[in-house]
Amino acid sequence: MSVRLDPEVMVGWFDQVARDLPWRRPDCGAWGVLVSEIMLQQTPVNRVQPIWLEWMERWPTPSALAAASQGDVVRAWGKLGYPRRALRLHAAATAITTDHNDIVPSDVDTLLSLPGIGEYTARAVAAFAYGQRCPVVDTNVRRVVARAVHGAGDAGPPSTKRDLADVEVLLPKEDSFAARYSAALMELGAIVCVARTPRCADCPVFDTCAWQHAGRPAYAGPAKAVQKFAGTDRQVRGRLLDVLRDAPGPVTRAQLDAAWSDPGQRDRCLDSLLVDGLIEQTPNGLFSLPGDH
DNA sequence: AATACGTGGCG
DNA sequence: TCGCCAAGTAT
């Protein structure tokens, strides 16, 4: 059988066509890589890039971010989405400052112990910031492996153990080469082997792709759950937080009430934001971003 | 294992 | 227009 996703081919292709992203520059340290990985969770590159540049200038080290207020961090997160990530990154920066001498850990298990860092991000930091040989599995890699190796139209439901094992066997021996290979796998899924309309004519491993050989069968697995947004609590929470991000300081209950008409849903979402620590109530009954008063 | 969690671009 | 999709994590 032909070699699937050949490392020499993949890395050669990556060196030629990879996007010039700021967190891939040689002078970008582990902190920059970590910040980028958190911001990129479920969020497109183009939206992340300008915010990442602002953050690196403003908070060039974990301790610099840790010294900021939660409110400043949430406001600087802007509209990247899933703002709990901002709070968790701030908490991770605090832990790195106090427990790890202001140095982003390189060990996967240590990384996993930090807030907001899961199976993907821990391995992404170990590989991309520290050049380690460890499988890095995100949605792009799952799709590339599903097609090129398994001949399926798309990846089935995630299974951490199986997904990691799938990539482990592909990984070349040497550390830094394996890390570059991991980046190449992700890049292929991001710009060529994309979900909707794959650009197979531009694919460096077209001739060994199991999906091509199988005649490009359609995805046969269980239907993926479609996420609604309009009218959901997520939208309402977003509206509420948007009021606070745009305000210079604490706001009144009436200002928050204007953000959504349904009182029951509004109250429920405000409560959940208070529980999450994304909003605080001030002593005089106003509402603010955490620490923003 | 399913579900909650933001936001906006694109076909 | 509107559903799909984007470098996931926590519970």
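Keep in mind the model is a prediction, meaning the values are calculated, not measured. Below, read A as the first sequence line, B as the second, and so on, with proteins coming before strands; counting in each chain starts at 1.
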Distance-only donor-acceptor check, side chains Thr232(A) and Arg237(A), under 3.5 Å: no
Interatomic distance where CZ belongs to Phe229(A) and P belongs to dA4(B) [whole Å]: 14 Å
Touch class at under 4.0 angstrom, heavy-atom based, for Ser36(A) against every strand present: nothing
Check ion pair Glu187(A)-Arg24(A) (N to O, under 4.0 angstrom): yes
Sugar-phosphate, base or nothing in reach of Gly81(A), heavy atoms under 4.0 Å: base
Separation of dC5(C) C1' from Ile191(A) CD1 (nearest whole Å): 17 Å
Touch class at under 4.0 angstrom, heavy-atom based, for Asp233(A) against every strand present: sugar-phosphate
Spacing of the P atoms in dG8(B) and dT9(C) (rounded, Å): 23 Å
Euclidean distance, atom CH2 of residue Trp77(A) to atom P of dG6(B) [Å, nearest integer]: 12 Å
Interatomic distance where CG belongs to Leu34(A) and C1' belongs to dG8(C) [whole Å]: 14 Å
Side chain Arg216(A), main chain Trp211(A), donor-acceptor under 3.5 Å: no
5'-most by nearest nucleotide on DNA chain C - Val226(A) or Asn140(A): Val226(A)
Side-chain donor/acceptor of Arg75(A) to backbone N/O of Ala247(A), under 3.5 Å: yes
Proximity to DNA chain B (any heavy atom under 4.0 Å), residues of residues 151-174 of chain A only: none
Side-chain donor/acceptor of Thr139(A) to base of dG8(C), under 3.5 Å: no
Thr121(A), nearest nucleotide to its side chain (from dT9(C), dG8(B), dA7(C)): dT9(C)
Side-chain donor/acceptor of Arg88(A) to base of dT9(C), under 3.5 Å: no
Connected via hydrophobic side-chain network under 4.5 Å: Leu170(A) and Val3(A): no
Sugar-phosphate, base or nothing in reach of Gln235(A), heavy atoms under 4.0 Å: nothing
Side chains of Tyr120(A) and Glu37(A), donor plus acceptor under 3.5 Å: yes
Pairing of Asp257(A) and Arg266(A) as salt bridge, 4.0 angstrom limit: yes
Value in whole Å for how far the P atom of dT9(C) lies from CE of Met39(A): 16 Å
Sugar-phosphate, base or nothing in reach of Leu21(A), heavy atoms under 4.0 Å: base
Atom-pair distance (CE on Met186(A); C1' on dA7(C)), nearest Å: 4 Å
Nearest-Å distance once atom P is located in both dA7(C) and dC10(B): 15 Å
Touch class at under 4.0 angstrom, heavy-atom based, for Arg24(A) against every strand present: base
Donor/acceptor link under 3.5 angstrom from Arg196(A) side chain onto base of dC5(C): no
Whole-Å gap separating C1' (dA4(B)) and CG (Leu273(A)): 13 Å
N/O donor-acceptor pair, side chain Gln42(A) with base dC5(C), under 3.5 angstrom: no
Polar side chain donor-acceptor pair, Ser176(A) to Glu174(A), under 3.5 angstrom: yes
Closest non-hydrogen atom pair between Glu280(A) and Pro290(A), with its separation: CD-CA, 3.5 Å
Below 4.0 Å: OP1/OP2 of dT7(B) and any side-chain N or O of Arg245(A): yes
Earlier contact from the 5' end, DNA chain C, for Lys228(A) and Leu112(A): Lys228(A)
Phosphate OP1/OP2 of dG6(B): any Arg237(A) side-chain N/O under 4.0 Å: yes
Check: Arg19(A) side chain, dA7(C) base, donor-acceptor under 3.5 Å: yes
Atom-to-atom span, CZ of Arg85(A) to C1' of dG8(C) - whole angstrom: 9 Å
DNA chain B: 5'-proximal contact among Arg239(A) and Ala225(A) (nearest heavy atom): Ala225(A)
Euclidean distance for P, dT3(B) against dC4(C) (whole angstrom): 16 Å
Side-chain N or O of Thr197(A) closer than 4.0 Å to phosphate OP1/OP2 of dG11(B): no
Touch class at under 4.0 angstrom, heavy-atom based, for Ala195(A) against every strand present: sugar-phosphate
Touch class at under 4.0 angstrom, heavy-atom based, for Ile38(A) against every strand present: nothing
Lys/Arg N to Asp/Glu carboxylate O, Glu168(A) vs Arg133(A), below 4.0 Å: yes
Sugar-phosphate only, base, or nothing, as touched by Val45(A) at under 4.0 Å among non-hydrogen atoms: base
Minimum-distance nucleotide to Gln41(A) side chain [options: dT7(B), dG8(C), dA7(C)]: dG8(C)
